[in-house]
Amino acid sequence: MKSTNDKFKPLFIDYIWYVAETWSAREHNNLNGGMLLFLGWLFAIVIPGGLLIGYYFGPQFAILTLALCFMPSIFCKLRYTANHREALRCHYGKLKHPGRKLTKIILCCIALTIVNLALTQLITSL
């Protein structure tokens, strides 16, 4: 008999969420999976996208990008149900050094943000 976890294929975003959740449970801090996804989404997508939209279409359209801020929280509510969390726990159960992995993820988000802002500056200067 096949279980529901047999069809489970984790994505990179699941890995990010699970590392942050593991770190949050271990250190008892407020940086959980949803918050990390929100911060990555905000700094890597929404802010550079809002700057570009504001530059080309005006500030009234840039304000519409604020609606995109709610997408990670809705995504987490819909995706990370009890069954999905259990499947992630089974798949990534022996995760070692979540702090190091979380640091790598945060540094990648910072690098992506810097690249996005540099590209935004380059595009707006043309």
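Just so we're clear, the structure is a prediction, and the values are computed from it rather than from any experiment.
Taking OG from S73 and CG from L78, the interatomic distance works out to 9.5 Å, rounded to the nearest 0.5 Å. Taken to the nearest 0.5 Å, the CG atom of L88 stands 9.5 Å off from the OG1 atom of T22. If you take CD on Q121 and CG on L52, they are separated by 10.5 Å, rounding to the nearest 0.5 Å. Expressed to the nearest 0.5 Å, how far OG1 of T124 lies from OH of Y56 amounts to 7.0 Å. In this structure, the separation between CD1 on I74 and CE on M71 is 8.0 Å, given to the nearest 0.5 Å.
Between C109 and F43, every side-chain heavy-atom pair lies at or beyond the 4.5 Å cut-off. Between N32 and M35, some side-chain heavy-atom pair lies under the 4.5 Å cut-off. No side-chain heavy atom of Y55 sits under 4.5 Å from any side-chain heavy atom of I123.
Between R26 and P98 the shortest heavy-atom distance is NH1-CD, 3.2 Å. For the pair V46 and L68, the tightest heavy-atom approach, listed with the atom from each and the gap, is CG2-CB, 3.9 Å.
Residues L112 and L119 are members of separate hydrophobic clusters, defined by side-chain heavy-atom contacts under 4.5 angstrom among Ile, Leu, Val, Met, Phe, Trp and Tyr. Both F12 and L42 are members of a single hydrophobic cluster when ILVMFWY side chains are connected at heavy-atom separations under 4.5 Å. Hydrophobic clustering, with ILVMFWY side chains joined whenever heavy atoms are under 4.5 angstrom apart, keeps W17 apart from F70. Under the 4.5 Å side-chain heavy-atom criterion for Ile, Leu, Val, Met, Phe, Trp and Tyr, V115 and I45 are members of distinct hydrophobic clusters.
Surrounding CZ of F57 are at most 12 heavy atoms belonging to other residues, nucleotides or ligands under 6.0 Å away. For Y92, the OH atom counts as densely surrounded, since its 6.0 Å shell holds more than 12 non-hydrogen atoms of other residues, nucleotides or ligands. Atom CZ of F61 has 12 or fewer neighbouring heavy atoms from other residues, nucleotides or ligands inside a 6.0 Å radius.
Every side-chain contact (heavy atoms from CB on, under 4.5 Å) that P48 has, sequence neighbours left out, goes to N116, L117, T120. Take L36 and apply the side-chain contact (heavy atoms from CB on, under 4.5 Å) test, not counting sequence neighbours, and it matches I16, A20, L31, L102, I105, I106.
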Practice problem: Would you sort out whether D14 and R79 count as a side chain to side chain contact (heavy atoms under 4.5 Å, CB included), showing the intermediate values? | Solution: CA-CA 9 Å; D14 292 333; R79 181 157 177 95; 2.7 Å; yes
Practice problem: Starting from the C-alpha separation in whole Å, work towards a yes-or-no answer on side chain to side chain contact (heavy atoms under 4.5 Å, CB included) for Y18 and R89. | Solution: CA-CA 8 Å; Y18 187 77; R89 201 173 296 116; 4.0 Å; yes
Self-check item: F38/C69 under side chain to side chain contact (heavy atoms under 4.5 Å, CB included): CA gap, chis, key distance, verdict
Solution: CA-CA 7 Å; F38 170 74; C69 290; 4.2 Å; yes
Practice problem: Check step by step if side chain to side chain contact (heavy atoms under 4.5 Å, CB included) holds for Y15 and H91. | Solution: CA-CA 10 Å; Y15 176 74; H91 186 76; over 6 Å; no
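When atom types are taken as modelled, the side chain of S24 and the backbone of N29 share a donor-acceptor pair closer than 3.5 angstrom. Side-chain atoms of W23 do not come within 3.5 Å of backbone N or O of K101 as any donor-acceptor pair.
Using cut-offs of 30° and 60° for the angle between ring planes, the H84 and Y80 rings count as tilted.
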